[in-house]
Amino acid sequence: MKSLYNKLLSFINTIRGKIAFYPTLLSVIGFNFAMLMLYLEDKGISAFIIEHVPELVINNPDTAKTLLSFLTGGIISIMVFSFSMVMVLLNQASSNFSPRVLPGLISNRNHQYVLGIYLATILYNTFTLVGINPQEDSKYQLPGFSVLLGIIFTVICFGAFLYFIHSISQAIQVNNILDNIYKKAKIRLEHLLEKEEETPPEFPDTSNWKSYYSTETGYFQKIAVSNLIAICKEHQIKIKILPIQGIFVLKKVPIIKVNQEIDSELVKKILSNFNFARGEFIEDNYALAFKQITEIGVKAMSPGINDPGTAINSIDYLTELFALRLQKNDKTVISSEEKEPLIAITTANFKEVLYQVMSSYRTYCKNDLTCIQKLFIMFKYLLLQEPHLKEYHSAILAEAELLFQDTKRTIKNQTDINRIESLYKSLPQPKTN
């Protein structure tokens with residue numbers, strides 16, 4: 001049951017990121033509501049409303065059919081325009097920023113809700129139109145109340161269209177893209193910090209432990225921690241998870257180490273608590289935010305775009321994220337209620353994350369003095385923060401030295417070199433006990 005639940009959870013998380021998920025869901029709701037109204041019309045809801053509030057019911061078949069046909073055609077037109085705008089948005093974001101930001105834009109629920117409202121209204125109006133009897137019959141009651149609801153839903157669609165135009169014009173702005181990435185990563189990091197112990201317990205040496213291999217391919221997203229703790233307690237074992245959360249895992253590569261040999265059924269039971277997906281999500285892997293923001297900043301410095309302002313903005317967001325990452329331990333150990341270490345999770349350490357970010361900026365931004373200055377300002381700010389581990393400051397100073405050396409080899413103007421050297425020498429040095 002647990003294995004089935006985890007696979008269902010993984011499937012739901014995957015399809016929720018698809019652009020068609022909420023539009024499809026709302027379309028089904030629109031269709032079912034149309035069927036419900038046809039049933040209520042058959043029971044005489046329009047006749048009841050005519051008797052009490054006749055102003056709310058359209059009682060002319062020609063007028064009703066003309067209105068519904070006209071409104072449905074109008075909604076189809078604005079829906080086509082909206083879908084076209086989404087495609088333009090995705091194409092522009094991919095070209096100007098990074099293809100990695102597309103999942104975040106596609107999964108924007110507000111845009112999906114708007115497209116879903118369009119589809120639901122079209123289906124509702126269509127089936128209401130089908131329910132209008134063209135024959136003249138004195139006993140026949142036109143579904144006038146359903147027609148009125150169709151008009152109201154269409155007006156809602158027009159309002160949603162105005163909101164959509166405003167929202168999509170905001171979504172394509174690079175500051176908003178950077179801010180959304182930053183906020184998702186911040187939420188994830190704060191969640192991890194809340195769960196983290198101040199001093200994680202020592203985990204045993206795993207060099208001689210038995211390795212077991214992945215049976216699936218995909219991005220390693222989540223693990224069912226409570227289930228794994230229960231398995232460890234039940235079978236008296238300890239587990240080390242080898243891949244870093246968020247990386248792409250291939251079949252038949254080591255994925256876990258166990259402190260004793262276990263049978264294939266238990267291995268299958270353990271691996272059933274690992275969730276894989278075909279895409280990367282910041283909500284599951286905060287390190288992806290560093291990668292995406294870096295790609296946006298680096299691409300802004302390409303000759304085709306040449307936008308150092310965006311690169312500087314990306315460094316500002318990276319500064320905030322690194323300051324938050326300074327508070328996190330590089331080791332993640334999950335213990336039982338009795339404080340016995342049971343599971344060790346491999347995480348992206350601070351030094352490696354900083355190196356990957358800085359290697360890109362050193363390569364593509366070393367010719368731009370404004371970006372170099374901003375990077376040294378970032379280093380200075382981070383060195384003034386209190387780190388969880390003293391090694392973090394050493395890693396920052398090492399990257400600052402690499403940046404300074406690359407800058408000296410690239411920039412030829414002595415005034416610029418003197419300015420950079422002054423910034424480099426002003427960096428705070430770590431305290432020695």
Side-chain angles (χ1 to χ4, degrees), residues 12 14-38 58 61-132 134 143-177 180-181 278-279 281:
I12 291 173
T14 300
I15 64 172
R16 284 179 67 186
K18 306 297 183 183
I19 193 171
F21 176 69
Y22 284 103
T24 302
L25 185 62
L26 289 171
S27 298
V28 173
I29 293 173
F31 171 78
N32 288 330
F33 187 71
M35 295 298 103
L36 174 63
M37 287 307 301
L38 289 176
I58 296 173
D62 293 334
T63 303
K65 291 171 68 176
T66 302
L67 270 174
L68 287 178
S69 301
F70 172 74
L71 295 176
T72 302
I75 298 172
I76 291 173
S77 297
I78 63 173
M79 185 183 71
V80 170
F81 178 78
S82 299
F83 271 104
S84 300
M85 288 291 291
V86 169
M87 294 304 106
V88 170
L89 166 70
L90 298 181
N91 182 60
Q92 186 174 345
S94 178
S95 301
N96 292 351
F97 309 127
S98 166
R100 247 69 59 188
V101 305
L102 295 186
L105 295 174
I106 290 172
S107 60
N108 187 320
R109 292 186 185 177
N110 292 335
H111 295 166
Q112 295 183 24
Y113 292 152
V114 170
L115 298 177
I117 290 170
Y118 294 163
L119 290 172
T121 303
I122 290 171
L123 288 175
Y124 175 83
N125 286 352
T126 301
F127 283 98
T128 301
L129 188 60
V130 169
I132 297 177
F145 184 64
S146 296
V147 174
L148 176 66
L149 289 179
I151 296 171
I152 293 172
F153 293 153
T154 303
V155 172
I156 292 173
C157 286
F158 293 149
F161 176 69
L162 294 176
Y163 166 79
F164 180 83
I165 295 299
H166 167 76
S167 178
I168 207 166
S169 64
Q170 296 292 315
I172 197 59
Q173 296 179 20
V174 67
N175 286 340
N176 291 328
I177 292 175
N180 288 334
I181 296 172
R278 301 306 295 185
F281 302 98

Open item on the list: Under the rule for side chain to side chain contact (heavy atoms under 4.5 Å, CB included), what residues qualify as partners of Ala64, not counting sequence neighbours?
Closed with: Ile58, Ile132, Leu142, Val147
TODO: Tell me, please, which residues at least two apart from Ser69 pass side chain to side chain contact (heavy atoms under 4.5 Å, CB included).
DONE: Leu129
Open item on the list: Quick one, Gln112 and Leu115 - any side-chain contact, counting heavy atoms below 4.5 Å?
Closed with: no
- [ ] Mind checking ring pair (Phe, Tyr, Trp, His ring centres under 6.0 Å) for Tyr118 and listing every partner two or more places apart, or none if nothing turns up?
- [x] none
Task: Under the side chain to side chain donor-acceptor pair (under 3.5 Å) test, residues paired with Ser146 that sit two or more places apart - done: Glu41
Please list, one pair per line, the donor and acceptor atoms closer than 3.5 Å that link side chains of residues 153-168 to other protein atoms, with sequence neighbours excluded.
unit_1 : atom_1 : unit_2 : atom_2 : d
Thr154 : OG1    : Asn125 : ND2    : 3.4
Thr154 : OG1    : Gly150 : O      : 2.8
Tyr163 : OH     : Asn110 : ND2    : 3.0
Ser167 : OG     : His111 : NE2    : 2.8

Task: Thr121 OG1 to Ile151 CD1 distance, which is reported to the nearest 0.5 Å - done: 12.5 Å
- [ ] Find the distance between CG (Leu148) and CG (Leu67) and round it off to the nearest 0.5 Å.
- [x] 10.5 Å
Open item on the list: Measuring from atom CG of Leu119 to atom OH of Tyr22, what distance do you get when rounded to the nearest 0.5 angstrom?
Closed with: 15.5 Å
TODO: Apply side chain to side chain contact (heavy atoms under 4.5 Å, CB included) to Asn176 and list each qualifying residue two or more places apart in sequence or on a separate chain.
DONE: Gln170, Gln173
Task: Of Ile117, Leu71, Thr72, the residue whose pairing with Ile122 passes side-chain contact (heavy atoms from CB on, under 4.5 Å) - done: Thr72
Open item on the list: Set out, in order, the CA-CA distance, both residues' side-chain angles and the distance that settles side-chain contact (heavy atoms from CB on, under 4.5 Å) for Tyr124 and Met37, then state yes or no.
Closed with: CA-CA 9 Å; Tyr124 175 83; Met37 287 307 301; 3.8 Å; yes
